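Reading through the structure tokens given below for one structure.
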Amino acid sequence: MSVDSIQIAETAPADAPEALVRWVAGVAELTQPDEIYWCDGSEAERDRLYQQMVDAGTLIKLNPDKRPNSYLARSTPSDVARVESRTFICSEREQDAGPTNNWAEPSQMKQTLATFFDGCMRGRTMYVVPFSMGPLGGNISKLGIEITDSPYVVVNMRIMTRMGAEPLAHIGAGEYWVPAVHSVGYPLVDINGNRRPDVPWPCNDEKYITHFPETREIWSFGSGYGGNALLGKKCYALRIASVLARDEGWLAEHMLILKITGPDDRTYHLTAAFPSACGKTNLAMLRPTIPGWKVETIGDDIAWMRPGADGRLYAINPEAGFFGVAPGTSEATNPTALHALDHDTIFTNVALTDDGDIWWEGMTDEPPAHLIDWQGNDWTPDSPTKAAHPNSRFTVRADQASSIADEWEDPAGVPIDVILFGGRRAHNVPLITETYDWRQGVFVGATVSSEQTAAAEGAVGSLRRDPFAMLPFCGYNMADYWAHWLRVGETLGEHAPRVFQVNWFRKDDDGRFLWPGFGDNARAIEWALRRVNGEVDADDSLNGRLPRREDLNLDGLDLTDEQLDELFALDPAAWAAEADLTEEYFAQFGDRLPAALTEELEALRRRIAEAS
Ligand code: GTP
Ligand code: SPV
Ligand code: MN
């Protein structure tokens with residue numbers, strides 16, 4: 001050990017194992033921080049960091065009468081979302097990353113990273129953040145250590161994961177952990193020792209969000225925002241975990257988890273994969289408009305699922321908080337989320353009201369007469385720009401949602417009855433269909449398209465394939481991932497959850513949503529559960545089984561018969577065109593594409609021909 005390393009060993013908590021201390025020392029030698037701080041996860045530590053960030057101008061403390069213990073952060077306009085173009089899967093072989101990921105050769109990427117990380121923490125504190133994804137000690141849960149030079153990341157990780165002394169103790173006891181290094185890439189001291197002042201939201205124009213699936217490492221440089229920086233979330237719980245899951249026979253998915261109880265008190269659990277900003281948080285906190293039904297929340301973004309001893313599939317939420325889309329959250333659309341944010345919440349890139357509270361588009365029908373927008377400028381309803389950034393977010397502890405289910409921290413997870421696949425589709429895809437079997441379910445998941453949202457950089461609204469809502473999150477070849485899903489289905493056999501496709505976003509010719517959505521989505525779920533129970537028949541269609549009109553609970557909705565027809569319409573010509581695009585899409589995977597999916601495409605084409 002170098003002298004530095006000995007000092008580091010002295011600052012380390014007693015239960016930090018030697019391998020961890022050595023790794024921390026190595027990262028410190030490379031990044032050259034002024035100080036190293038091991039996070040214990042305490043409230044005192046959190047409050048110190050909040051105060052420090054308020055003093056530095058990174059956080060604004062909101063009016064404690066309106067929003068106790070809550071803060072607003074404003075990011076730099078160049079750092080507002082995940083950067084998919086700068087996200088890399090660095091597997092040894094390019095074909096193991098597959099055609100849907102950016103790939104870089106691991107040793108070359110390590111060299112590039114070494115130049116960017118060299119001295120990148122000069123003048124800053126390096127925080128060592130132990131965390132657990134999932135309840136501590138659970139057999140589906142996993143540990144990690146994030147090193148970061150961002151106190152904003154630390155306080156967010158404290159909400160989003162189980163963070164601090166407890167996970168460190170588990171690591172000290174010899175449990176497996178994944179190393180993750182993050183820097184905003186804005187050193188305060190240059191190589192000659194010249195110091196520059198900090199800025200409220202430090203970041204770097206060069207960004208690298210990199211994953212090494214074989215060595216299970218994460219290195220992220222240049223961004224302080226969301227999934228780029230809170231490395232437990234997308235980088236670990238999806239990209240690295242999907243690789244672990246493939247190797248160990250489980251599933252790491254971009255899915256919400258909910259518990260639903262029917263009028264007969266029977267409970268069910270359901271997961272749903274929707275692309276980013278397509279309604280997972282809303283569905284996870286659904287308030288059914290149909291009487292007798294109750295939804296409770298287990299998770300809103302990620303599910304880790306394993307076959308249990310009884311052969312069923314069990315899911316845990318690896319996260320401890322919600323990093324949710326703010327715009328559109330209102331008393332009408334998601335009152336549960338809105339009230340979860342009453343206190344102890346970090347808001348990023350929303351607007352500030354004159355009385356020290358927050359606002360975003362869609363929160364109220366009437367915008368306030370004056371605001372400070374997400375960039376810190378005066379804003380009035382006449383302003384041509386949005387007051388809150390479309391990807392502005394809240395960070396809040398999961399148990400602040402009144403809908404949280406008692407079993408949300410059960411380390412054993414909950415047994416899954418139903419899986420939904422959805423996306424934002426203005427046309428073609430009906431409100432709900434049931435797949436004929438698991439294999440067609442995998443085909444449907446694999447071929448999901450969705451209109452792009454503001455959750456990542458790029459052209460909002462353009463239609464893109466987002467298989468299993470995992471396009472930006474799968475840590476290996478997508479075709480192998482489909483093969484893994486097919487294998488898991490074989491393992492589960494008759495215990496496999498039933499798979500449905502849903503679409504809340506179908507529009508009429510005037511561009512209006514055909515379906516009211518939100519609380520009324522319970523009507524579609526009720527039908528799915530009635531199917532699970534064998535209570536209702538369904539009609540075969542080219543895309544699976546369709547509900548019979550009389551089996552749908554539509555009481556209290558003013559939908560015309562024509563609107564309902566449009567909502568469930570399946571146009572063979574449009575589906576034939578989709579099938580052609582699917583063939584093209586599949587072609588890029590070459591011989592990695594599972595034969596079962598080619599057969600499913602043929603079966604779809606046969607059903608289209610029959611319907612034409
Ligand atoms: P990530 O956190 O990015 O993974 O996304 P998420 O899937 O949790 O997204 P979220 O639930 O926050 O989606 C928010 C957007 O979807 C907002 O614009 C909502 O208004 C819209 N939305 C959610 N549910 C519905 C619905 O049932 N119908 C319609 N039309 N819009 C919906
Ligand atoms: C998503 O984009 O799917 C999110 C937000 O859940 S982020 O954590 O920034 O990836
Ligand atoms: Mn997400």
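Numbering of ligands and ligand atoms starts at 1, following listing order. Small disclaimer: the values here were computed from a predicted structure and weren't measured.
Within the 4.5 Å cutoff, side-chain heavy atoms of Trp515 are placed close to those of Asp520. Within the 4.5 Å cutoff, the side chain of Leu256 has no heavy atoms near those of the Ile298 side chain.
In this structure, Phe473 has a heavy atom closer than 4.0 Å to ligand 2. Heavy-atom separations between His254 and ligand 2 include at least one value shorter than 4.0 Å.
No donor-acceptor distance shorter than 3.5 angstrom exists from the side chain of Asp466 to the backbone of Ser450, with no hydrogens or angles considered. When atom types are taken as modelled, the side chain of Arg424 and the backbone of Cys278 share no donor-acceptor pair closer than 3.5 angstrom. With Asp373 contributing its side chain and Ala387 its backbone, the two residues share no donor-acceptor pair below 3.5 Å.
Summary of contacts: the protein heavy atom closest to atom 10 (P) of ligand 1 is Gly279 N, 3.5 Å. In this structure, the protein non-hydrogen atom closest to atom 4 (C) of ligand 2 is Lys234 CE, 3.4 Å. Counting only heavy atoms of the protein, atom 25 (C) of ligand 1 lies nearest to Phe518 CE2, 3.3 Å. The protein non-hydrogen atom at the shortest distance from atom 9 (O) of ligand 2 is Gly227 N, 2.9 Å. Given atom 1 (C) of ligand 2, the protein heavy atom at minimum distance is Ser276 OG, 3.1 Å. Counting only heavy atoms of the protein, atom 9 (O) of ligand 1 lies nearest to Ala277 CA, 3.2 Å. In terms of protein heavy atoms, atom 18 (O) of ligand 1 is closest to Arg424 NH2, 3.9 Å. Nearest to atom 7 (O) of ligand 1 among the protein's heavy atoms is Lys280 N, 2.7 Å. Annotation: atom 17 (C) of ligand 1 to nearest protein heavy atom, Pro327 O, 4.2 Å.
Numbered from 1 in the order shown, with element, the atoms of ligand 1 that lie under 4.0 Å from a heavy atom of Pro275 read 7 (O). Residue His254 has at least one heavy-atom neighbour below 4.0 Å for each of these atoms of ligand 1: 4 (O). The contact set between ligand 2 and Ala455, taken as ligand atoms under 4.0 Å from a residue heavy atom, comprises 2 (O). Close contacts between ligand 1 and Arg393 involve ligand atoms 1 (P), 2 (O), 3 (O) [criterion: under 4.0 Å to a heavy atom]. Every atom of ligand 2 with a heavy atom of Gly226 under 4.0 Å away is listed here by number and element: 9 (O). Those atoms of ligand 2 that come under 4.0 Å of a heavy atom in Lys233, given as number and element, are 6 (O), 8 (O). Taking every non-hydrogen atom of Asp301 and a distance limit under 4.0 Å, the qualifying atoms of ligand 2 come out as 6 (O).
Residue Asp301 approaches the Mn ion (ligand 3) most closely through its N/O/S atom OD1.
Between the choices Lys280, Met160, Arg82, Glu84, the shortest heavy-atom distance to atom 2 (O) of ligand 2 belongs to Arg82. For atom 12 (O) of ligand 1, the candidate residues are Val325, Asn521, Leu286; the nearest heavy-atom contact is made by Val325. For atom 23 (C) of ligand 1, the nearest non-hydrogen atom from the set Asn282, Asn334, Leu256, Thr453 comes from Asn282.
When heavy-atom distances to ligand 1 are checked against a 4.0 Å cut-off, Ala284 has no atom that comes that close, whether in backbone or side chain. At a heavy-atom cutoff of 4.0 Å, ligand 2 is contacted by no atom of Tyr225, backbone or side chain. Contact annotation: for Phe505 versus ligand 1, heavy atoms closer than 4.0 Å belong to the side chain alone. Of the heavy atoms in Cys278, only backbone atoms (N, CA, C, O) come closer than 4.0 Å to ligand 1. For Asp301, every heavy-atom contact with ligand 1 shorter than 4.0 Å involves the side chain, none the backbone.
Atom OG1 in Thr329 sits 6.5 Å away from atom CG in Asn282 (nearest 0.5 Å). The line from CG of Asn521 to CZ of Arg287 is 15.0 Å long, rounded to the nearest 0.5 Å.
Under 3.5 Å, the side chains of Asp300 and Thr281 contain a donor-acceptor pair of N or O atoms. In summary, the side chains of Glu319 and Trp304 do not present any donor paired with an acceptor at a separation below 3.5 Å, with no hydrogens or angles considered.
A cation-pi arrangement, defined by a distance under 6.0 Å to the six-membered ring centre and an angle within 45 degrees of its axis, is present between Lys507 and Phe513.
Exactly one residue among Tyr186, Tyr208, Trp219 makes a ring pair (Phe, Tyr, Trp, His ring centres under 6.0 Å) with Phe116. That residue is Tyr208.
Classification of the Phe347-Trp360 ring pair by plane angle, with boundaries at 30° and 60°, yields tilted. Aromatic ring orientation, Phe468 versus Phe421: perpendicular (interplanar angle above 60°, classes split at 30° and 60°).
The residues Arg425 and Glu451 are annotated as not salt-bridged, no charged nitrogen and carboxylate oxygen being separated by less than 4.0 angstrom. The pair Lys386-Glu361 does not meet the salt-bridge criterion, since no charged nitrogen lies less than 4.0 angstrom from a carboxylate oxygen.
Rounded to 10°, the angle that NE2 of His254 and NZ of Lys234 form at the Mn ion (ligand 3) is 80°.
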Before you tell me yes or no, could you show the steps for Tyr152 and Trp201 under ring pair (Phe, Tyr, Trp, His ring centres under 6.0 Å), namely the whole-Å CA-CA distance, both residues' side-chain angles and the distance that decides it to 0.1 Å?
CA-CA 9 Å; Tyr152 168 87; Trp201 187 275; 4.8 Å; yes
